[in-house]
Amino acid sequence: MQRLSDILEQDNAAIFNDYRDFTELLTVGTNTANARQVMGSLQSDLVTFNASMSEVLNAFSLTLLMPEQADLNLNQNQVIYVCGKAFKIVASALDMGIRELSLEKK
């Protein structure tokens with residue numbers, strides 16, 4: 001009998017490596033020494049806040065989705081380089097083998 005986690009892992013591999021509708025080859029790392037190329041998706045969105053949340057009228061939100069890279073140690077408030085551009089990790093979540101990083105441009 002096949003486990004659900006095995007099925008999800010196969011689906012993730014197909015989405016990131018085979019279909020590539022929303023993914024591209026990105027160079028990701030905390031410095032140039034540990035940078036690696038991974039299939040990922042750097043998503044951007046314009047976020048609007050209401051008056052009770054913040055004085056800021058709008059902000060630019062960046063999210064990086066990629067398969068988990070356990071040896072990169074991607075933690076909150078850490079600086080990460082994506083294709084040579086510096087970003088600060090605002091939040092990090094791991095869900096079913098996919099690392100989701102909320103980024104702030106540095």
Name each donor-acceptor pair under 3.5 Å that joins a side chain in residues 95-102 to protein atoms two or more places apart or in another chain, with its distance.
unit_1: Arg99; atom_1: NE; unit_2: Glu68; atom_2: OE1; d: 2.9
unit_1: Arg99; atom_1: NH1; unit_2: Ser92; atom_2: OG; d: 2.8
unit_1: Arg99; atom_1: NH2; unit_2: Glu68; atom_2: OE1; d: 3.2
unit_1: Arg99; atom_1: NH2; unit_2: Glu68; atom_2: OE2; d: 3.2

Short side-chain to backbone donor-acceptor contact, Gln43 and Ser41, under 3.5 Å:
no
For [X], all residues meeting side-chain contact (heavy atoms from CB on, under 4.5 Å), sequence neighbours excluded:
{"X": "Gln37", "value": "Leu25, Thr27"}
{"X": "Lys85", "value": "Phe87"}
{"X": "Asn77", "value": "Lys88"}
{"X": "Asp11", "value": "Ile7"}

[X] to [Y] - nearest heavy-atom pair and separation:
{"X": "Thr23", "Y": "Ile15", "result": "OG1-O, 4.1 Å"}
{"X": "Gly40", "Y": "Phe16", "result": "CA-CE2, 4.0 Å"}
{"X": "Val90", "Y": "Glu104", "result": "CG2-CB, 3.7 Å"}
{"X": "Leu42", "Y": "Leu26", "result": "N-CD1, 4.4 Å"}

Would you say the side chain of Val79 lies within less than 4.5 Å of the side chain of Thr30, judging by non-hydrogen atoms?
no
Residues that Gln10 engages under side chain to side chain donor-acceptor pair (under 3.5 Å), provided they are two or more places apart
none
Kindly write out the residues that satisfy side chain to side chain donor-acceptor pair (under 3.5 Å) with Asn12, not counting sequence neighbours, or none if the list is empty.
none
So which pairs with a foot in residues 25-40 pass salt bridge (charged side-chain N to carboxylate O under 4.0 Å, His left out), sequence neighbours left out?
Arg36-Asp71
